[in-house]
Enquirer: 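Can you read through this structure? Questions will come right after.
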Amino acid sequence: MTDKKIIDPKNPPQRFLSTKEAAFIVGICKRTLEKHRTYGTGPKYRKVGGRILYDIDDLRAWTEIGARVSTTDPIDNFIRPAKRHAALAPRYAGKN
């Protein structure tokens, strides 16, 4: 007899994504996601050993920041550009 774990498909174990996988899920280039991480404008990530890992829930939360119904929606929250100044400039931090 083998000792196999039965995985419930309705409640799968936590799985983390690599940068390449996370970028694909979000729909941006891997390099753009790396820039967001470097400048502090991206989603939460974990560093395990030398690997960068993303939780799918953190990716969803990050993309929800940019959710809009109309182009006239107020810009209270938005995803900042993947640029060095975006993390530092008051304009991008929501401080007009």
Enquirer: Do the non-hydrogen side-chain atoms of Val26 and Tyr54 ever get within less than 4.5 Å of each other?
Expert: no
Enquirer: Rounded to the nearest 0.5 Å, what's the gap from CZ on Phe16 to CG on Leu59? Could you check?
Expert: 11.0 Å
Enquirer: With rounding to the nearest 0.5 Å, note down the distance linking CD in Glu64 to CG in Asp57.
Expert: 11.5 Å
Enquirer: If you look only at pairs with a residue in residues 38-55, which of them pass as a salt bridge (Lys or Arg N to Asp or Glu O under 4.0 Å), with sequence neighbours excluded?
Expert: Arg46-Asp58
Enquirer: What side-chain donor-acceptor pairs closer than 3.5 Å can you find for residues 29-36, not counting sequence neighbours?
Expert:
residue, atom, partner, partner atom, Å
Arg31, NH1, Glu34, OE1, 3.3
His36, ND1, Thr41, OG1, 2.7

Enquirer: Of Thr19, Leu17, Val48, which meets side chain to side chain contact (heavy atoms under 4.5 Å, CB included) against Leu53?
Expert: Val48
Enquirer: Output all residues satisfying side-chain contact (heavy atoms from CB on, under 4.5 Å) with Phe24, sequence neighbours left out; order by chain, then residue number.
Expert: none
